[in-house]
J.: 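Below is one structure. I have some questions about it.
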Amino acid sequence: MAPEDKPVTTAREERYDAQRIEQKWAERWQSDPSLYAADTHPTKPKYYVLEMLPYPSGALHMGHVRNYSIGDALARYMWMSGYNVLHPMGWDSFGLPAENAAIKNNTPPKQWTLANIAAMKVQMKRLGFAYDWSREVTTCLPDYYRWNQWFFLKLYESGLAYRKKSKVNWCPQCATVLANEQVVGGMCWRHEDTPVEQRELEQWFLRITKYADELLSDLENLPGWPEKVRIMQQNWIGRSEGTLVDFDLGGTIGPAGSTITVFTTRVDTIYGATSVQLAPEHPIVKDMITRNADLRAQVEELIAEQRRAKEAGDIGAIEKHGVFTGRYAKNPFNGEAVPVWVANYILMDYGTGAIMSVPAHDERDYEFAQKYKLEIRLVILPASTDPEETMTAPPLPFTTMDGVLLSSGEFRGLSCEEAIRKMSARAEEKGFGKATVTFRLKDWGISRQRYWGTPIPMVYCDKDGVVPVAEKDLPVILPDNVPITLAGGSPLMNVPEFLHTTCPKCGGPARRETDTMDTFVDSSWYFYRYADAQNDKAPFDGAKIAYWFPIDQYIGGVEHAILHLIYSRFWTKFMRDMGLVKNGEPIARLFTQGMVIKDGAKMSKSFGNVVSPDEMVSRYGADATRLYSLFAAPPDRDLDWQESGIEGIQRFLGRVYRFYENYARPHNPDWRASLSAPLTGSARQLQRKLHQTIKRVTDDFQGRWHFNTCISAVMELLNDANRRMLGSEDTQSPATGALVEGNEIPLTLLAEVQRNIALLLAPMAPYLAHELWEMTGEKSNLLKAPWPKYDPELAKEEVVTAVLMVNGKLRSRITVAADATDDAIRKLALSDEKIKRTISGKQLTMEPIVVHSPGSKLVNIVVR
RNA sequence: GCGAAAGUGGCGGAAUUGGCAGACGCACCAGACUUAGGAUCUGGCGGGGCAACCCGUGGGGGUUCGACUCCCCCCUUUCGCACCA
């Protein structure tokens with residue numbers, strides 16, 4: 001090797017300076033706004049990768065960084081794999097915190113929000129996330145929310161938006177109504193200590209229940225969704241097949257009528273019904289108790305009790321109470337009159353708010369009947385019961401469907417399943433009931449008595465009633481400079497210029513709806529807007545949706561499993577029925593990442609364990625921050641943030657950098673030459689390691705997304721390469737790091753290793769990877785450089801370690817050829833000195849077992 | 001109560017299909033280079049034992065030549081649902 005071919009050795013003091021490198025590349029990237037733009041005339045296959053858009057609270061937190069690091073790694077990998085990638089970002093920017101900030105700082109919500117967006121965008125750019133900012137969506141701006149209003153009009157036209165007075169959830173802290181989905185264990189989803197109250201209000205609802213069946217059944221078509229999320233949605237929808245049965249009260253009681261309709265999933269047990277139980281808030285109860293002050297007081301106590309339990313979040317645990325109303329209702333199947341009770345364990349908002357009580361075959365009814373000494377009547381015999389021994393009935397209650405009806409008139413002897421079918425049919429035929437399906441899912445109440453949201457585009461006219469705003473008059477602009485208070489009703493009521501308008505129908509004076517929309521409306525379709533963000537004629541162009549949808553990969557926290565993700569699915573189905581889109585589901589694959597925790601608790605202000613991304617970036621760099629968030633845990637698990645861990649990653653990046661610094665020789669003509677002759681010895685081993693590493697990283701990007709193991713694979717490769725480059729101790733001073741004469745690693749191989757490490761790190765640590773790419777003399781843009789391919793032949797081992805076991809215990813190891821036959825391996829194993837010692841004096845009980853696994857072999861010798 | 005996931009060194013975590021338990025990193029220990037080291041490099045690092053060896057993946061049983069991995073029972077933690085008729 002000629003002296004000038006010796007690698008340029010730089011001073012060891014030349015350290016990895018993340019700030020310098022990241023500054024340099026950030027400037028280059030930002031000078032080209034089209035760098036991350038999706039191709040609008042695509043010839044390549046598409047890939048739409050999306051991370052949940054943030055609420056612009058003012059600063060990113062580590063959960064965001066983790067979320068976006070995963071998404072960005074995937075987007076960059078897909079670019080390198082030759083896809084036309086759509087990777088957008090936006091702001092879920094309506095919502096209460098802006099109003100709270102307005103009160104606190106005396107800053108208008110708009111100003112506060114837009115300033116936060118600007119600040120967070122700077123953070124995102126500093127972190128190097130590759131977003132197509134030309135498609136940015138900001139939900140609080142009229143060019144977005146006008147389409148919320150447009151959709152609302154379409155929903156109204158289709159009868160899917162309606163107004164109704166009803167009991168609604170009210171958070172006194174937020175001073176607004178909440179959707180059912182926003183009530184968590186009786187508490188407000190934003191204020192975990194604030195019990196939700198019930199208020200009677202006139203509200204706008206979206207008829208999500210129209211799609212209840214489809215929302216449920218289509219879960220089957222989402223194999224790319226986590227099982228957990230599908231189950232949560234399934235439970236939330238809560239489909240339940242059953243029967244409605246009318247129990248006659250023998251004369252009209254009051255305005256609410258003369259019958260009680262009960263809902264049951266087990267009509268087969270109806271001959272065992274010994275009472276009817278009503279929810280305390282059932283309308284007919286009022287009519288039953290008007291003349292009895294004592295009864296009235298007791299029922300009021302039941303209502304209060306239920307409310308308290310609901311607010312405490314432990315409904316389900318309260319002790320069962322009830323009162324007898326003095327009335328009887330007739331069971332239409334056997335004509336028997338059973339007592340009517342009011343009980344605190346009956347919920348008004350499920351089924352009909354009335355049940356038939358069958359103590360022998362329902363645990364709750366059993367408990368209640370025991371307490372109040374109501375009759376318990378066995379009407380099902382489990383199939384396992386011996387008919388000869390009917391006297392020894394099984395312990396009550398039992399709820400098995402695997403049984404036969406007993407004492408049930410003409411239905412006696414039928415199986416439960418058959419009985420349910422026949423009895424439902426009978427009820428319908430005789431006109432006292434029918435088979436039915438109920439859902440737990442309720443319509444989505446979207447009215448909010450708040451300022452910072454999309455105005456609902458409706459007008460109230462004394463002459464024409466409720467009138468929608470004309471499409472051409474959209475958007476209904478949310479006025480600026482509105483005084484914000486948390487007292488009484490929407491702040492918009494106090495803005496005369498907004499409130500007073502003219503009726504779109506008659507032109508007479510009218511007033512506007514002053515409630516605004518739930519912010520979950522904004523996020524129900526925002527991802528469609530990314531496909532056509534500049535469109536001012538329509539929310540989007542259908543052809544563009546047809547190309548990009550469904551979203552190939554959506555990434556976010558599991559806390560949105562129900563709220564956002566069920567609303568989004570509903571919105572898509574509605575748009576499909578409008579003919580606006582062709583897909584019935586918005587998201588093909590969903591990934592829910594784990595939380596970021598520290599010191600055993602979720603990072604939160606209240607716990608005081610928040611780590612600021614800005615601080616991490618300025619201390620360790622964006623690459624280290626991102627890479628650590630990928631390295632510390634598999635992405636679906638919780639991540640335990642440890643400062644020392646990110647230091648380790650920073651050291652690793654420093655080692656990578658020095659590996660290029662120390663061995664950089666872009667002037668060598670051999671540098672870019674490809675390897676020709678087959679390698680041997682140490683070089684061959686390094687080459688093998690390289691190809692194995694490419695395989696491991698590629699497999700993970702395509703499969704499990706265990707970036708932690710990807711990164712460790714690259715670490716191993718680097719360690720291996722460094723060791724081999726340093727050579728043996730006697731010829732090499734570790735301090736200088738210079739290549740030495742006689743080193744077995746050809747420069748072409750070294751160059752190949754360096755090129756590939758840059759490629760493998762490109763999705764996860766983009767700044768450094770770009771710098772390294774340049775250091776190797778590459779001129780092309782790493783962002784779209786082809787992802788490396790491994791050669792299975794080169795990855796293959798030629799000799800492998802065979803593990804020798806005796807009776808399943810490790811005893812020795814030998815090296816054998818990778819293609820050695822089982823017999824040859826057995827022979828070698830049995831002649832191994834250690835093995836001979838271990839098995840001397842014992843008998844082989846069977847032929848030694850030989851196992852081939854990738855990269856190794858195993859022999860188990862069974863002796864006695 | 002129901003459902004789901006998890007439990008592996010001092011710590012984060014690896015072991016992709018039943019086949020070398022502890023990869024990789026952190027922390028720690030020793031050494032090198034140094035005026036210095038919170039830089040860098042080298043080596044060590046589950047427990048016990050001088051050693052041959054023995055023990056070890058929450059606990060107990062089982063299947064198997066072989067179990068972190070499969071089956072049964074139990075314990076703990078986290079999450080979701082919770083009187084849904």
J.: Answer with base, sugar-phosphate or nothing: what part of the nucleic acid does A:Arg837 contact at a heavy-atom distance below 4.0 Å?
T.: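 Touches nothing.
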J.: Does B:rA21 have a Watson-Crick or wobble partner in any strand here, with both distances under 3.5 angstrom, and which is it?
T.: none
J.: Between atom CE in A:Met715 and atom C1' in B:rC26, what is the gap in whole Å?
T.: 10 Å
J.: Mind checking who B:rG7 pairs with, Watson-Crick or G-U wobble, both distances under 3.5 Å?
T.: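 Pair assignment: B:rG7 / B:rC75.
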J.: Atom CD of A:Glu847 to atom P of B:rG66: distance rounded to whole Å?
T.: 17 Å
J.: Atom CH2 of A:Trp641 to atom C1' of B:rC26: distance rounded to whole Å?
T.: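 About 14 Å, once rounded to whole Å.
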J.: One thing to verify: whether A:Glu716 and A:Arg696 come together as a salt bridge, which I'm taking to mean a side-chain N less than 4.0 angstrom from a carboxylate O.
T.: yes
J.: For B:rC72 and B:rG56, measure between their C1' atoms and round to the nearest Å.
T.: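 Going atom to atom, C1' in each nucleotide, I get 23 Å.
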J.: So what does A:Pro848 hit on the nucleic acid, given a heavy-atom distance under 4.0 Å: a base, only sugar-phosphate, or nothing?
T.: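 The residue A:Pro848 makes no contact with any strand.
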J.: Classify the nucleic acid contact of A:Leu858 as base, sugar-phosphate or nothing, counting any heavy atom under 4.0 Å across all strands shown.
T.: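 The answer is base, as A:Leu858 lies within the cut-off (heavy atoms under 4.0 Å) of a base atom.
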J.: Determine the contact category for A:Phe631: base if any of its heavy atoms lies under 4.0 Å from a base atom, sugar-phosphate if only primed atoms, P, OP1 or OP2 are that close, otherwise nothing.
T.: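 Base, at least one base atom sits under 4.0 Å.
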J.: What is the distance from CG of A:Asn235 to P of B:rC79, rounded to the nearest Å?
T.: 18 Å
J.: Is the shortest side-chain N to carboxylate O distance from A:Glu643 to A:Lys598 below 4.0 Å?
T.: no
J.: Name the nucleic acid region contacted by A:Asp638, choosing base, sugar-phosphate or nothing; use a 4.0 angstrom heavy-atom cut-off, strictly under.
T.: sugar-phosphate
J.: For the residue pair A:Phe707 and A:Phe631, is the inter-centroid distance of their aromatic rings smaller than 6.0 Å?
T.: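 So the answer is no for these two rings.
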J.: Can you confirm whether A:Trp236 sits close enough to A:Leu441 that some side-chain heavy atom of one is under 4.5 Å from a side-chain heavy atom of the other?
T.: yes
J.: Please give the distance between the P atoms of B:rA6 and B:rA14 as a whole number of Å.
T.: 12 Å
J.: Using whole Å, what does the distance between atom P of nucleotide B:rA14 and atom CG of A:Leu630 come to?
T.: 14 Å
J.: Using the P atom as the reference point in each nucleotide, state the distance between B:rU77 and B:rC83 in Å, no decimals.
T.: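 Result for the P pair: 23 Å, nearest Å.
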J.: Between B:rA15 and A:Arg704, is there an OP1 or OP2 to side-chain N/O distance shorter than 4.0 Å?
T.: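 Result: yes.
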J.: Given A:Tyr628, which partner from the list A:Tyr620, A:Trp641, A:Phe652 fulfils the ring pair (Phe, Tyr, Trp, His ring centres under 6.0 Å) test?
T.: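 That would be A:Trp641; it is the only one of A:Tyr620, A:Trp641, A:Phe652 passing the ring pair (Phe, Tyr, Trp, His ring centres under 6.0 Å) with A:Tyr628.
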J.: If the cut-off is 4.0 Å, is A:Arg658 near the phosphate of B:rC41, judged by side-chain N/O to OP1 or OP2?
T.: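 Yes.
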J.: Check whether any side-chain nitrogen or oxygen of A:Asn719 sits under 4.0 Å from OP1 or OP2 of B:rG25, and answer yes or no.
T.: yes
J.: Please give, in whole Å, the distance from B:rC81 C1' to A:Glu559 CD?
T.: 17 Å
J.: So, is A:Arg651 close to the B:rC26 phosphate, meaning a side-chain N or O under 4.0 Å from OP1 or OP2?
T.: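 For A:Arg651, the contact criterion (side-chain N or O under 4.0 Å from OP1 or OP2 of B:rC26) is met.
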J.: If we only count heavy atoms from C-beta on, is the A:Leu690 to A:Asp720 side-chain gap below 4.5 Å?
T.: no
J.: Taking the six-membered ring for Trp and the single ring otherwise, decide whether the centroids of A:Phe432 and A:Phe333 are under 6.0 Å apart.
T.: yes
J.: Which listed nucleotide (B:rC65, B:rU16, B:rA85) is nearest to the side chain of A:Val862?
T.: B:rC65
J.: How would you label the contact of A:Val803 with the nucleic acid (heavy atoms, under 4.0 Å): base, sugar-phosphate, or nothing?
T.: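 Base contact - A:Val803 has a heavy atom under 4.0 Å of at least one base atom.
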J.: For B:rU76 and B:rG38, measure between their P atoms and round to the nearest Å.
T.: 46 Å
J.: In Watson-Crick or G-U wobble terms, both distances under 3.5 Å, what is the partner of B:rC41?
T.: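 B:rC41 is paired, partner B:rG31.
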J.: Of A:Ala633 and A:Lys228, whose closest RNA chain B nucleotide lies nearer the 5' terminus?
T.: A:Ala633
J.: If the C1' atom of B:rC73 is compared with that of B:rG22, how far apart are they to the nearest Å?
T.: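 The same atom, C1', in both gives a distance of 29 Å.
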J.: What pair of heavy atoms forms the shortest contact from A:Ala713 to A:Thr693, and how long is it?
T.: O-CG2, 3.7 Å
J.: With nearest nucleotides of RNA chain B determined for A:Lys834 and A:Met846 from heavy-atom distances, which residue corresponds to the more 5′ nucleotide?
T.: A:Lys834
J.: Side chain of A:Arg637 only, please: which of B:rA21, B:rA14, B:rC26 is the nearest?
T.: B:rA14
J.: Using a cut-off of 4.0 Å on non-hydrogen atoms, how would the nucleic acid contact of A:Gly238 be classed: base, sugar-phosphate, or nothing?
T.: nothing
J.: Considering only the C1' atoms, how many Å lie between B:rA4 and B:rG19, rounded to the nearest integer?
T.: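 Between the two C1' atoms, the distance is 30 Å.
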J.: Without decimals, in angstroms, what is the distance between A:Ile861 CD1 and B:rG66 C1'?
T.: 13 Å
J.: Using a 4.0 Å heavy-atom cut-off, does A:Thr801 contact any base of the nucleic acid, only the sugar-phosphate backbone, or nothing at all?
T.: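 Contact class for A:Thr801: none.
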J.: I'd like the P distance from B:rA23 over to B:rG18, given in whole Å.
T.: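 About 23 Å, rounded to a whole number of Å.
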J.: Between A:Arg655 (CZ) and B:rC24 (C1'), how many Å, whole number?
T.: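 Rounding to the nearest Å, CZ of A:Arg655 and C1' of B:rC24 are 10 Å apart.
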J.: Taking 4.0 Å as the cut-off, does a side-chain nitrogen or oxygen of A:Arg440 come that near to OP1 or OP2 on B:rA82?
T.: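 Checking A:Arg440 against B:rA82: at least one side-chain N or O falls below 4.0 Å of OP1 or OP2.
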J.: Hey, what do you get for CD1 (A:Ile284) to OG1 (A:Thr259), rounding to the nearest 0.5 Å?
T.: 6.5 Å
J.: May I ask you to evaluate whether A:Arg230 reaches the phosphate of B:rG3, defined as a side-chain N or O under 4.0 Å from OP1 or OP2?
T.: no
J.: Which glycosidic conformation, syn or anti, is assigned to B:rG46 if syn requires a torsion within 90° of zero?
T.: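 Nucleotide B:rG46 adopts anti.
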J.: Between B:rC20, B:rC24, B:rA85, which one does the side chain of A:Glu716 approach most closely?
T.: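 So the nucleotide nearest the side chain must be B:rC24.
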J.: Looking at A:Ser712, does any N or O in its side chain come under 4.0 Å of the phosphate oxygens OP1/OP2 on B:rG13?
T.: no
J.: When the P atoms of B:rC70 and B:rU16 are considered, how many whole Å apart are they?
T.: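 Straight-line distance between the two P atoms is 11 Å.
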J.: Determine: side-chain N/O of A:Asn860 to OP1/OP2 of B:rG19, distance under 4.0 Å, yes or no.
T.: no
J.: Hunt down the Watson-Crick or G-U wobble partner of B:rG1, both distances under 3.5 Å, from any strand shown, or write none.
T.: B:rC81
